[in-house]
Amino acid sequence: MPEMNMVQAINDALRFEMQQDDRVVVLGEDVGKVGGVFRVTAGLFDEFGADRVIDTPLSEGGIIGTAVGMALYGLRPIPEIQFSDFIFPAYDQIVSEVAKYRYRSGGEFPCNMVIRTPVGGGIRGGHYHSQSPEAQFIHVAGLKVVCPSTAADAKGLLLASIRDPDPVLFFEPKRVYRAAKGEVPEGDYTVELGKANVIREGKSLTVISYGAMLYEAMDAAEKAAEHGIECEVIDLRTLWPLDIDTIIASVKKTGRVVIVHEAPRSCGLGGELVSLINEKAFLHLEAPPRRVTGFDTPFPYTLEMEYLPLSHRILPALTETANY
Amino acid sequence: MPEMNMVQAINDALRFEMQQDDRVVVLGEDVGKVGGVFRVTAGLFDEFGADRVIDTPLSEGGIIGTAVGMALYGLRPIPEIQFSDFIFPAYDQIVSEVAKYRYRSGGEFPCNMVIRTPVGGGIRGGHYHSQSPEAQFIHVAGLKVVCPSTAADAKGLLLASIRDPDPVLFFEPKRVYRAAKGEVPEGDYTVELGKANVIREGKSLTVISYGAMLYEAMDAAEKAAEHGIECEVIDLRTLWPLDIDTIIASVKKTGRVVIVHEAPRSCGLGGELVSLINEKAFLHLEAPPRRVTGFDTPFPYTLEMEYLPLSHRILPALTETANY
Amino acid sequence: MTTVSSYQEPEAQGAERRPDDVMADDVIRVMAPDGTVIDDIGIDDETAVALYQAMLRTRIVDDRAVTLQRQGRIGFHIGSLGEEASIIGSAFALRDQDWIFPCYREFGAALLRGLSMQTYMDNLYGNANDIVKGRQMPDHWCDREHRIASVSSPIGTQITNAVGFAWAAALKNDPLAVLVYFGDGATSSNEFHNGLNFAGVNATPTVFLCRNNGWAISVPTDKQTASESFAAKGVAYGVPAVRVDGNDVFAVLKVTRDALTRASAGEGPTLIEAITYRLSGHSTSDDPTRYRPEGEAEAWEQRDPLLRMRRYLAERVNWGDAEQASAEQAIHHEVKAAIEVSENTPKPALETLFEGVYAEMPWHLREQQAELLAGTRAPGHGE
Amino acid sequence: MTTVSSYQEPEAQGAERRPDDVMADDVIRVMAPDGTVIDDIGIDDETAVALYQAMLRTRIVDDRAVTLQRQGRIGFHIGSLGEEASIIGSAFALRDQDWIFPCYREFGAALLRGLSMQTYMDNLYGNANDIVKGRQMPDHWCDREHRIASVSSPIGTQITNAVGFAWAAALKNDPLAVLVYFGDGATSSNEFHNGLNFAGVNATPTVFLCRNNGWAISVPTDKQTASESFAAKGVAYGVPAVRVDGNDVFAVLKVTRDALTRASAGEGPTLIEAITYRLSGHSTSDDPTRYRPEGEAEAWEQRDPLLRMRRYLAERVNWGDAEQASAEQAIHHEVKAAIEVSENTPKPALETLFEGVYAEMPWHLREQQAELLAGTRAPGHGE
Ligand SMILES: Cc1ncc(C[n+]2csc(CCOP(=O)(O)OP(=O)(O)O)c2C)c(N)n1
Ligand SMILES: Cc1ncc(C[n+]2csc(CCOP(=O)(O)OP(=O)(O)O)c2C)c(N)n1
Ligand SMILES: [Mg+2]
Ligand SMILES: [Mg+2]
């Protein structure tokens with residue numbers, strides 16, 4: 001298997017599916033000739049031409065609004081939003097049209113597309129090139145939300161998302177775009193949506209994370225192991241609908257849980273996880289579920305590494321929860 | 001004290017403040033001559049003229065985007081969004097500008113305004129005249145979120161919101177616009193933001209709700225009392241930042257909690273409340289916190305009363321939680 | 001229904017207060033308001049009668065739906081009183097393969113294309129047979145079979161959707177065009193801007209039909225834009241535009257046909273401003289007397305598109321009171337039969353509430369479905 | 001810095017491929033590219049020198065900031081190489097009471113209005129003295145003292161904000177106008193549409209300055225819109241518009257002054273399309289050689305607005321190499337001093353992360369603040 005980073009793996013998935021399925025089109029700002037500001041679509045313009053790799057005017061609402069029409073026609077549009085901070089001009093189309101089209105048409109019109117967008121901080125992007133808005137989509141019925149943490153998962157989840165009959169928000173953790181490197185299967189390769197990955201087994205406590213923070217959670221888990229705390233680390237991969245079975249099985253085993261995400265804490269996915277765990281494993285809980293998250297402030301520039309829930313902030317939560 | 005319904009109370013608050021403070025302007029679709037589709041701004045156009053009660057073009061983004069400029073100038077704009085389902089074309093301005101302007105300008109530019117908008121179901125409005133999007137704003141740092149349930153609170157909270165130095169999303173539960181009737185203090189009257197209201201005391205369990213569902217929660221609580229279950233019912237009033245002290249004090253007393261809101265369950269405010277309660281009162285919990293909420297589907301038309309978490313759906317949650 | 005009377009061009013009044021007035025020189029008109037033909041575009045009598053019948057059917061259904069709402073038998077209706085020519089004339093121009101992206105007033109176009117009266121009525125009732133399963137308000141239907149997308153309440157969203165659909169077809173060399181309807185108010189939406197801009201840049205085969213009916217609920221067009229007309233907005237996007245007398249069904253048919261010809265020839269989109277008037281309130285929830293200048297509606301009643309056609313038909317095909325009465329009766333009969341069936345059809349089954357949010361129901365919705373089914377029914381919602 | 005050379009109008013090339021070309025007949029020009037005056041608008045020598053000095057200062061700062069970024073001493077810079085005349089000419093036209101709503105390339109305008117070099121440099125460094133407290137990326141400052149709103153990354157949002165500000169002032173009979181900057185790409189945003197439309201309807205005293213620099217990152221203007229020009233878009237909103245040679249600082253000054261005169265007279269907004277060219281990459285993160293047609297930038301270098309002014313000044317006020325060198329030196333000195341201070345200023349204090357989200361810190365932020373302060377510091381973030 002070739003080694004790739006996440007950018008290459010996503011590029012590989014796009015190229016593979018575009019070769020297989022001529023309904024697939026990519027559209028967005030700067031996705032064409034220049035291959036995207038992160039070079040994720042590099043080379044696709046040359047291979048598939050301007051009719052399938054489309055540079056659009058500077059309007060996210062226009063990108064998603066027209067992608068809806070393409071999806072209704074039967075294409076498989078893959079719109080790119082340059083940074084997920086800039087998805088909000090398209091928010092109305094996403095929550096009012098994309099999410100509801102199938103349901104409100106009584107099933108006559110599926111509206112599946114994959115909205116790809118880089119997410120998260122750690123690249124010195126400040127307020128508007130760093131945010132993690134996944135909760136703002138999870139709350140909206142009708143959307144699926146995916147966030148890979150490895151190159152192989154990025155490929156496998158993206159191919160699964162493109163073939164999925166429902167619309168998918170595909171968040172790409174840009175902090176690890178190049179750092180998340182590993183072997184990636186060639187050719188056709190899918191990772192089923194809705195399945196989490198237990199990347200470390202342990203009995204002391206369950207750590208749930210995803211995307212770029214997964215690496216921080218793993219780092220903290222390794223350090224905790226030095227203190228005899230064996231964490232079970234779960235990479236959610238699909239953020240919604242969740243792999244509830246894997247989560248609950250783990251929490252029932254450990255009785256303790258720490259959730260890590262860089263999105264702001266309040267009304268984030270962490271809160272939902274805590275509630276679900278309460279509802280389904282209350283009597284197993286031996287310590288209060290803990291959230292280690294981004295703070296409820298706008299994303300800062302200079303102090304971004306203090307804002308992010310990095311390993312040094314996760315570790316105390318692990319030890320305190322384990323020793324509760 | 002005169003008796004008013006919620007529409008009249010809000011109208012009264014607007015009129016009072018417009019008389020006191022000539023920086024206050026109201027703008028939105030149909031707010032002028034016709035006085036709003038719910039008649040909340042009735043009479044204001046005649047009293048204050050077209051320069052302070054402004055009918056705008058049909059663009060929520062334009063309404064909020066220009067209100068930002070007005071706020072920066074030093075006016076006290078009160079934009080109306082005709083239904084909160086139609087707030088999404090303005091979502092970018094709200095989350096990217098309104099919420100962040102003070103912070104990102106290092107405090108140079110406060111951006112306070114009160115965005116008034118009718119919320120919730122029960123008026124046969126289907127998908128797009130019924131939604132409850134409060135969680136989509138609570139998750140965003142920099143916003144305050146308010147939702148009154150009574151006429152007097154509507155007046156008092158609105159006056160407090162207009163005078164508050166921060167931007168406020170003011171959700172008006174339209175199902176009880178006319179049904180929520182009661183004595184409303186004349187003249188100047190404020191209800192402090194961030195303070196919940198314990199509207200029923202009890203030792204068996206804590207019920208937390210707000211807006212139109214508060215009445216359903218109260219109805220269920222009364223019925224539960226017939227079975228010897230004495231609920232403490234908390235009307236949040238300000239949804240963010242929460243009155244955490246009142247909530248935690250009550251949960252510490254009762255050890256049991258049921259949260260009721262009509263917004264979809266997943267990643268809703270209920271999940272956040274469950275997490276906060278876990279974090280601050282874990283050892284007091286005698287039963288898993290329960291959520292009785294709208295379902296994770298788009299808001300339906302014909303079956304809306306089955307969708308809403310009405311009294312008949314709350315009551316079993318109360319008895320089960322009390323008897324856990 | 002208004003009956004035929006001798007024609008008088010209405011006095012300047014509210015009706016003339018806006019610069020986009022229908023009598024302006026650049027407004028295309030084929031048939032004068034008195035029913036005489038100014039410019040023979042070769043419409044045969046059969047077509048003329050078909051157009052009139054479709055408009056008449058639209059109006060009668062409208063009228064009946066308002067009554068049903070007033071009687072509390074349906075929850076809501078949003079109609080097209082006075083705007084029938086804009087809707088029927090444009091839909092009539094379409095070829096089989098073309099698609100419609102409707103706003104919320106175009107049930108007449110759907111009926112014309114073949115949506116059955118029963119299906120429409122079931123939608124007004126939101127019952128178990130409703131094509132959208134009682135999930136949306138009345139008048140929010142869809143009709144894939146007849147190539148009509150789904151009605152959505154948020155203003156304007158269908159505009160960009162229509163552009164994307166047309167664009168997709170063009171990318172696949174599929175020779176269809178898309179007609180999208182929206183109001184004057186919708187031109188202020190983000191969607192109008194995005195739709196027209198993307199259509200212009202990519203030369204998509206889209207026909208934009210702006211029903212300028214003078215009002216967006218209570219907001220008149222001069223508060224909507226300072227542009228000289230709605231058609232003038234095409235310039236901003238390099239999209240050719242035309243203004244047409246929206247109460248002249250022949251003229252609307254003609255300009256739409258022209259636009260379709262351009263679209264099919266790969267010449268891209270066209271913006272049509274059809275100048276008409278909303279003779280009713282915005283919907284059954286609205287009372288227009290609160291804001292409408294006195295005399296305005298009355299002036300436009302004189303320009304009623306159905307009246308104009310009756311004058312024309314009276315001259316050309318001897319369409320008299322007998323023909324009118326029998327046409328009306330047939331439609332009334334059809335509507336009545338549909339109502340009876342709709343009214344006796346149950347509500348959608350409870351479990352359907354959770355179906356179709358996703359292609360397959362995920363665990364959390366299965367759980368919520370089970371929770372609801374196991375519980376008691378809402379008051380008044382028993383089945 | 002390019003030095004003065006004899007002027008040659010560049011060959012048609014990439015530069016001429018778009019219809020909005022700067023040499024079109026309707027483009028207002030006061031000074032020819034060779035520095036000779038076509039239309040004397042009565043600019044005295046002192047003003048001319050001041051304009052040039054401001055442009056020069058802008059360019060030198062730009063150049064220095066790019067170097068700082070390349071050296072890893074600051075994180076990012078987004079500059080205005082080649083666009084100095086559009087920015088300085090328009091800002092220069094403003095009266096004291098007027099406001100600026102900037103895009104992200106207008107630090108030159110801020111420096112001109114009085115923002116200190118130190119304050120600007122502290123913003124590039126995001127240090128404890130940064131006016132925005134290190135919360136935003138470099139070049140995202142604000143300056144209430146000099147009547148400049150806050151730079152925001154999302155494209156276009158400042159346009160509607162600027163309209164609202166101007167509208168508020170007009171409602172209060174406050175005789176100010178607002179100048180808002182944005183790029184050609186921004187005309188596709190929702191905000192352009194909303195801003196222009198609201199301004200048109202309410203005749204707000206807003207001057208819209210579209211810096212058409214040919215590109216939106218890698219997207220050229222002909223992929224941005226099919227409109228004949230960006231100025232043409234004014235028609236859609238009833239907003240008078242004008243195209244100006246954006247590399248002719250006098251012409252930009254003149255059209256902005258005219259627009260301000262209109263605004264002050266209550267005649268409402270004006271849309272100015274300043275045709276210029278982004279000589280650099282989009283920002284320090286961008287490599288334009290990946291997408292720019294060969295020869296295009298070179299052609300525009302010939303039209304460099306600073307060169308043009310040097311030619312003019314050489315003719316008019318004997319501005320020679322000595323004057324140039326001493327002007328440059330003074331600016332370099334100023335910049336260097338500021339860098340030294342900025343570089344030695346610490347990061348913002350940790351607790352400031354939580355301040356100013358709200359006017360008063362609510363309990364949940366106090367808790368989070370305490371949590372952070374009690375913990376260990378992030379690697380490399382020690383203080
Ligand atoms: C985004 C959005 N904002 C507000 C509304 C409420 N609303 C429904 S119809 C309407 C007026 C529409 O006017 P116009 O576009 O002229 O169409 P018409 O009803 O006149 O056919 C408004 C404001 C809405 N449906 N969607
Ligand atoms: C809403 C939004 N979408 C995308 C971006 C990313 N982006 C930053 S600048 C830019 C291009 C802007 O082009 P233009 O408006 O012409 O201004 P210029 O940079 O040329 O001055 C893009 C796409 C953004 N900042 N905001
Ligand atoms: Mg209208
Ligand atoms: Mg540009």
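Just so it is clear, the structure is predicted and the values come from calculations on it, not from any experiment. Below, chains carry the letters A, B, ... as their sequence lines are ordered, and counting in each starts from 1.
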Okay, Ile277(B) and chain A: the region with an atom under 4.5 Å from a heavy atom over there is neither
Whatever's closer than 4.5 Å to a heavy atom in chain B on Gln131(A) counts as side chain
So, the part of Glu286(A) with a heavy atom under 4.5 Å from chain B: the answer is backbone
When the 4.5 angstrom heavy-atom criterion is applied to Phe88(A) and chain B, the contacting part is both
Turns out that what part of Tyr324(B) lies under 4.5 Å from chain A's heavy atoms comes down to side chain
field: Modelled atom types, side-chain donor and acceptor of Asn323(B) and Thr319(B), under 3.5 Å
entry: no
Honestly, the part of Ile94(A) sitting under 4.5 Å from a heavy atom of chain B is neither
Closer than 4.0 angstrom, basic N to acidic O: yes or no for Arg102(B) and Asp166(B)?
yes
Carboxylate-amine/guanidinium proximity below 4.0 Å for Glu97(B) and Arg104(B): yes
Okay, Ala281(B) and chain A: the region with an atom under 4.5 Å from a heavy atom over there is neither
Applying a strict 4.5 Å limit to non-hydrogen atoms, the region of Tyr128(A) in contact with chain B is side chain
Honestly, the part of Ala90(A) sitting under 4.5 Å from a heavy atom of chain B is neither
